[in-house]
Structures are given as C-alpha cells and as structure tokens.
Amino acid sequence: PAIPALLLSLRRRRLPPLPAVAARAPRVPAVAARVPAVAARRGTHPGAVATGAEQRPNPSSQQFLPGNSAAVAAMDIYNVEAAEILAHETLNLPIGEAAPIYEKLLATFPTAAKYWKQYVESYIVTNDEETAKQIFSRCLLTCPHINLWRCYINFIKKVNSKRGSEGLEETKKAFDFMLNYVGNDVASGPVWMEYIAFLKSMPVCVSSFSCPNIIMPFYLFLSYFICDSLFETLQVMTPQEESHRMTTIRKVYQKAILVPTSHVEQLWKDYDNFENSVSRTLAKGLLSEYQPKFNSAKAVYRERKKYIDDIDWGMLATPSTGSYKEEQQCLAWKRLLTFEKGNPQRIDVTAANRRITFTYEQCLMYLYHHPDVWYDYATWHAKNGSTDSAIKIFQRAVKALPGSEVLKYAFAELEESVGAIQPAKTIYESLIAENASMSSLAHIQFIRFLRRTEGIEAARKYFLEVRKLPSCTYHVYVAYATMSFCLDKDAKVAQNVFEVGLKRFMQEPGYVLEYADFLCRLNDDRNVRALFERALSLLPPEESVEVWKRFAQFEQIYGDLSSMLKVEQRRKEALSRTSEDAVSSLENTLYDVVSRYNYMDLWPCSSKELDYLSRQEWLAKNMSKKADRSVMLTSGGGSTSDKGTVGVGANAKLLPQSTKVVRPETSRMVIYDPRQMKGPVISATSSGYTKEVDEIFKMLSPPLMSFITNLPAIEGPSPDIDIVLSVLLQSTLPTGHDVGKPSAPVPGPATTDISGPRNQNGSVRRPPKRKAVERQEEEDAATAAQSRAMPDIFRLRQIQRSRGGGPAQSGSAAMSSGSMFSGEQSANSSS
C-alpha cells in the first residue's frame, strides 16, 4: 500500500527525471525513425544514407511555373515535373481545396507512396481520423513503401495513446500487420527496433520479482522515471504473462535478425544483450543456434545492397517511353528479382516466396504500366502452384492496364487451363465489346476458344454471326476455313467458306494467296490457275506484285517449261506498266534464271555472284535516271585510286535503301541544345555495364573519360552497322605515319616565311645531301614513333601562351610552332 502512495506523491511534486536514469531510455529507434523520412525527401531508398542537398522541385522553372503547372499537367497527365510541382503547391492549400487535387494526382499515379503519405498527413493534422483510416485502407496494400507504413503506425499509436491496455493491444496488432507486409524491406530495421522497444515498454510484472521488500520501491522509483506513462499502465502480471511477454520479444528478435536489413548488426547486438540479461545459461545455446543465420543475413544484405543501389526509389510509375533511364530501371528490378528467386539466404520456401512476393509488389510501384512485369508476377505464382494468387494478379493487371489485349489473352489462357470456362469466356466477350470496330483478332480467338470448349456447332454458329458484321475482315474467313480443314478434316466446308469470302474480298491480295495455298494443299492445280487468272484480271498492277510472284512460283512446281516462261513473260509485261523504263523491265536477265532455278536455300550460284546479279538488276532498273547514269559512268571509268572516294560518295547513292534503317520523324525534330539533357554518368567501376566495357573505361585517360561523361544522351534510331562498316572499309583513312602531319603548310609569322626553314640560331637551313637526307628520315621516323602515342599537349599550351605574350616572345614561339607542326623539330628542342 505504501508504493502507490509514494508514486502518487512523486507525481504530485512533478520531480524532474534523474539524468542517469533518463539516459537508459531506448533512443535508437527514435533517431533511426528520422532517417527514412529524410531519405524519402531526397529520392533515395529509405534504407540508404542520404547525401547531398535535398532535390526539391524548382518552382522558378520556365516550363513549369506555379501558375501553369495545372495546365501542363492537364495536357500530359503523366508529366512528372508538373505533377511534382502541383503536389508541392498543394501543401499550402487547405484540405478542402487540396483533396480534389490529391485525388486527381493519385488517379494518375496510384502507386505514388509519397503522394498518399502527403494526402493522409493533411487529414491527420486536422484530426480527421475517419478519413485518414479510409485513405490508409486504399493505399497500404498496394504501396509497400516503408515511409508510408511508418506514417500508418505513428497514426495508430497516436489514436490509441489514451486507450490504456486496449490501445496497447491494438498498437501491437498494427505492428504485427505492418511487419507481415513490409518486414522484408531492406529499410525495415528501424521498424523492428521500434516494435521491440514498444514490447519492452509494455506493463511489467511486479509480483514475480524475488527481491527484498526494501529493493522493490527503489525499482519502481527508477521505472517511473524511465517510462513516463508507467503510472497509467502499471498493473500486476502473473509469472505466466511475464514469461509470455519475454517469449514474444525473443521471437521478434529472432525474426528480425533473419531479415537482411541495414540494421541487422545492431539488432544482433541488442538480441545478445537481451538473452544475457534474461538467462546466461539459456543465452549460450540460443546465440550459438542463431549465429550462423545472422551471418547469412548479413552477407545477403551486402549482396542485396548492390542491386538496390541501382534503383531509383523516387521514380513515378508512367507508361513506357523507351528512355535510357527507364530501361536501366527495368533491368535493375529484373536483376533484383532474379537475385531473390535464387534464395541466396537458403531460408524455407514459404519465407522465400513471401520475400519474392514483396519484391514484386515493390517493383509494381514503379513499373506499374509494364505488362511484362505483371505477366511474370502471375506466371511465377502459377508455377509455384498458387493458381488463385495468379488469377488475382491478372485481375489487378487487367484493371491497371485496361488497354492491354495481350494480358487479357494470357488471363483467359490461365482460366481455361484450370478449367474455368465461363470466366475465360467472359474475358473474350469483353475483348470483343471493347474493340467493336477492330476486333477481327478477338473474333478469331473466340471462335477457336468455342471450338475447343463447346464444339464445332458453337464455333460455326458464332462464325455465321460474325460474317454479317461490316467490320469483319478476310482474316475471319481464312481462320474459320483453316480450322475446318485442319481440325474438323472437312475440306468441302473449308472450300465453301473460301468461295463465299472470295465474292467479298476478291480485291484483297492476301485473301487470294491464302485461298491459293489451300487449293495447293488439295493438289487442285486447275482451280489454282483459274483463281490466279480471275484475281489478276481484277487487281490493279501496283497491287498484284505478290500475286504474280506466287503465280510464277506455282508454275515452277506444277507447270512445265513453256507455261513457266509464259507466266514469267506475262508478269514482266504487267508490271512494266508501273515502271518508268518499260523496255528494260521486259528484258530477260541472268537474275531471272537464278530465281527460276533456286530451291529453298539452294542457289545455282555463289553468294558473291548472287550479290553481283542483284546489284546489276537494281542498277538496270535505275538506268533511266540521268543523275544515276552519270554517277554510274563515273564510278565505272574511274581508276583504282579513285575507288575509295567514289565508293563513299557516288556508289552510296546507287546502293538500294536498306529496310533495316529507321527514318527519323522530322515533324518532331527540335533544335539541338547540349543543355537539354546529359548523358549517363559513366564510371570505371559502374555495375550497369559489362566487364568488357568496364575494362575499356579503365584504360581511358581522365580527359577522355570526362569527355565521354559529358556527352549528351541521344535517344533515336541506331545506325545500320553493316552500312557503316561498308562505308568505312571503302574510305581512305590516314595511316599512322600521317597522324599529326598536316596536308598543307601551316601558316606562321613573317619571320619563318621569308627565307624558308631556319635553324635554332636563326641561319637559313641548307638542303642536305642524300646521305644526310636518309639519316634525317630515319631520325624523323624514330622520333615520330616515340611521339605517336601521346601528342605534346604541354608544348602546345606553351606556344599558345607565348603567342599571347610580347613581341620578343612571338618570334621564337612561331619558330617552335612551325617546326613542331611540320614534323621537323629536333631532339634538342623537344627536350
């Protein structure tokens, strides 16, 4: 009875806490709690140590001024810069005006954890707890970001701070819920430490201490100053409850040291102290058991950090643009996923799958609009036997990317593979309904689906309905006829479908060719010839090229020599109407013989001869152009020494345009400005490049490395390597002996141009004799070989400075300049 009275008297006196006692308070979680918040503001991962100044949006930007950021965001909803400034401006608005802006931002960026955190904090500040809870329920499960979850746990602690033991229990459940979702994050170490500190601060057992009565008041006196809220939460616990509390703390420690986080070493030290404070005998066995697991977690964290450092944790999820940064982020996430799937820590399958799931969820926060990530996530679940989870992932993917047809086909395939026919049918019907004007592919796939699941009659009935639609294309007829012929083994139905479609799609060369292939399968050469003759009589010449080509190939297989030559001549006559030079088009060439007598990948000539004939064929078709004829005559009559120049200039015009070359879109061209963007930061130890490239970077000099680093990033079509190499091979490049020697005399001051080259004493240099000339050439060759590796940049700078000096220096500088650039500098002057 005297203990509560003592505590009450102490509280009434409001004595200040003792410094020695207050120093025992666990302050590490409170300090560590501020690190992720700072890291989030700086755009780095919460677990990394942030360095440098904070990167904040610049409101003074000319493109995104505060006044027009909303207008820019309205034009391009995925404009990241405008969204950042808009979110920054919203901080100064009242919650009534800010809420619609937040909703619009989050509708565009539903996985932006920093916007969710900013949104919910606006309501927490105004003490609107119900709205804050609703916002948390919308974002927590889809945004496994450690800062957002720490905001949630702080909110729960604030709400339950005055609810006594019931509030403590709710806070404990919230901690368990949080660590179940984000406990595997590399930055979750402070959260584990905060949870352990919370468990230690819960009510202690005062009846289980076997200590003298005179020590008990002193213990409670110290406990009162360590925990200020102990007076409200103090209650008597049974030994069983106290044992349960210690067991709970031990289990949390054992879970925390298995997670490869940045605080795993600190957690191990705290666990060591905890076990030794409870029982040294028991601690020896437990610590020896968990020591290898801790070492494994520490080693995995070091490896894991290498992959995590390449990830931009401040990136917003936008549709794919194909930029260099985006591709690098995709590769970084895929490398991290591959690392986690390898289970480097060798933990049990359940824990490993939970960690992989968490990594996928984190990846989708930033690659939300990438269908391949969704597909990999769903198929990973399916391969591990969790079909229900895979279906849920596909449902989320279809909701996130409603315009992705390939994801819907993959979803329908999964549903059909597990026997869920009706859900798969619903997906196909939604595909058809969403693309009513351009849904031929959806109709074809749905016909095949009905044939697999409901039989021939269901597929036939649906085809009869589809063929009446005005948007039905010839592909539907071809697909149904092929299915009837290959699957149903009914050639008559297939031919009837082709005949019906021919009345509607006679003007389509693709349909004619498919029908001809079908008749060839039936070995009906008579009807094939009739089909070709009928189609070629209706098709215009410019659209009948492929039909004529197939007709000629058909005669090579099914016809004789006379019919083959006859069709070839008719083909030339028909296609000559589209050519400017009809006479040359009607001539027979050796290339025609090659095209008639080749078979599959067998040719009646070598590859070199084939290239020559192809080139001559192309040249013959372009001889009518006067400019090309003159260029060709110039290249044909030139000497051998002119081949290099002609090949680069004139012959390049004669070469046919490569189909691999991507032409630039001139309508989107802008004036080049090096300040627009900087190239990627390249370092000799960069992990984003291959080992070969890293070795090349290490051999480069620092000035050249600095030059490459400052090069602007070029995002455009890549050149055709074959064309570039062919141009380089035909070019006349300077040899190593000519490097550093100018093609024309370098103009110098008047002192060196009056009487020719001079010696160092100023006298005119006389022409040497033949032996002296040979000796001088040998010495010049040796000097050039020594100085070829690196130009004398230091002497160049001295010459430039001397030129900017007085008159007395300019003459000597000019003489040394002229001698150095002409390659006649002696060994004495170079030294």
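All of these numbers come straight from a predicted model, not from anything done at the bench.
Residues Tyr409 and Leu441 are in side-chain contact: their nearest non-hydrogen atoms beyond the backbone lie under 4.5 Å apart. Proximity of Phe485 to Arg521: side-chain heavy atoms (C-beta onward) are separated by under 4.5 Å at one or more points. Counting heavy atoms from C-beta on, the side chains of Pro423 and Gln395 never come closer than 4.5 Å. Residues Phe518 and Val528 fail the side-chain proximity criterion, which asks for heavy atoms closer than 4.5 Å. Between Tyr375 and Leu407, some side-chain heavy-atom pair lies under the 4.5 Å cut-off. Two residues are said to be in side-chain contact when any heavy atoms from C-beta on lie closer than 4.5 Å; Ile557 and Gln553 fail this criterion.
For the residue pair Ser562/Asp560, the side-chain donor-acceptor check at 3.5 Å is satisfied. Inspection of the His475 and Tyr511 side chains reveals no N or O donor paired with an N or O acceptor under 3.5 Å. Between the side chains of Tyr477 and Glu514, not a single donor N or O lies within less than 3.5 Å of an accepting N or O. For Ser320 and Glu326, the side-chain atoms include at least one donor-acceptor pair closer than 3.5 Å. The closest side-chain donor-acceptor pair between Tyr377 and Glu361 falls under 3.5 angstrom.
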side-chain contact (heavy atoms from CB on, under 4.5 Å), that's the test. Do Glu416 and Arg452 meet it? Break it down for me. CA-CA 10 Å; Glu416 184 182 354; Arg452 291 193 302 265; 2.9 Å; yes

Between Glu533 and Arg570, is the salt bridge (charged side-chain N to carboxylate O under 4.0 Å, His left out) condition met? List the steps. CA-CA 11 Å; Glu533 297 290 350; Arg570 287 177 57 194; 2.8 Å; yes

Assess the residue pair Asp376 and Tyr360 against the criterion (side-chain contact (heavy atoms from CB on, under 4.5 Å)); give the C-alpha distance rounded to whole Å, side-chain angles, the decisive distance to 0.1 Å, and a yes or no. CA-CA 9 Å; Asp376 292 343; Tyr360 266 116; 3.9 Å; yes

Could you give me the CA-CA distance, side-chain angles and deciding distance for Asp372 and Leu367, then say whether side-chain contact (heavy atoms from CB on, under 4.5 Å) is met? CA-CA 9 Å; Asp372 56 328; Leu367 304 181; over 6 Å; no

Trace of the salt bridge (charged side-chain N to carboxylate O under 4.0 Å, His left out) decision for Arg354 with Glu340: CA-CA 10 Å; Arg354 189 183 299 113; Glu340 295 293 353; over 6 Å; no

Please step through ring-ring contact (aromatic ring centres under 6.0 Å, His included) for the pair Tyr181 and Phe358, ending with a clear verdict. CA-CA 7 Å; Tyr181 276 91; Phe358 172 75; 9.3 Å; no

Would you check, one step at a time, whether the test side-chain contact (heavy atoms from CB on, under 4.5 Å) holds for Lys325 with Asp312? CA-CA 9 Å; Lys325 178 182 178 182; Asp312 181 9; 3.1 Å; yes

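Glu543 places no side-chain N or O within donor-acceptor distance of the main-chain N or O of Pro540, the cut-off being under 3.5 Å. Side-chain atoms of Trp116 come within 3.5 Å of backbone N or O of Pro110 as a donor-acceptor pair. The backbone N or O of Ala420 sits nowhere less than 3.5 Å from a side-chain atom of Lys425 that would complete a donor-acceptor pair. Remark: side-chain polar atoms of Trp374 are paired, donor with acceptor, to backbone N or O of Tyr368 under 3.5 angstrom. Ser563 places no side-chain N or O within donor-acceptor distance of the main-chain N or O of Gly559, the cut-off being under 3.5 Å. No donor-acceptor distance shorter than 3.5 angstrom exists from the side chain of Ser386 to the backbone of Ala382, with no hydrogens or angles considered. A side-chain donor-acceptor contact under 3.5 Å links Ser606 to the backbone of Glu609.
Taking CG of Asp348 as the start and CG of Asn343 as the end, the distance is 8.5 Å to the nearest 0.5 Å. The line from CZ of Phe551 to CE of Met564 is 13.0 Å long, rounded to the nearest 0.5 Å. In this structure, Glu327 CD and Thr321 OG1 are separated by 8.5 Å, a value rounded to the nearest 0.5 Å.
Here the closest non-hydrogen pair linking Phe505 and Thr473 is CZ-C, 3.6 Å.
Exactly one residue among Lys566, Arg571, Arg529 makes a side-chain hydrogen bond (donor to acceptor under 3.5 Å, both in side chains) with Glu555. That residue is Arg529.
In this pair, Tyr115 and Phe109 present their aromatic rings perpendicular. The plane angle is above 60°, beyond the 30 to 60° band.
Using a 4.0 Å cut-off between charged side-chain N and carboxylate O, Asp592 and Lys572 make a salt bridge.
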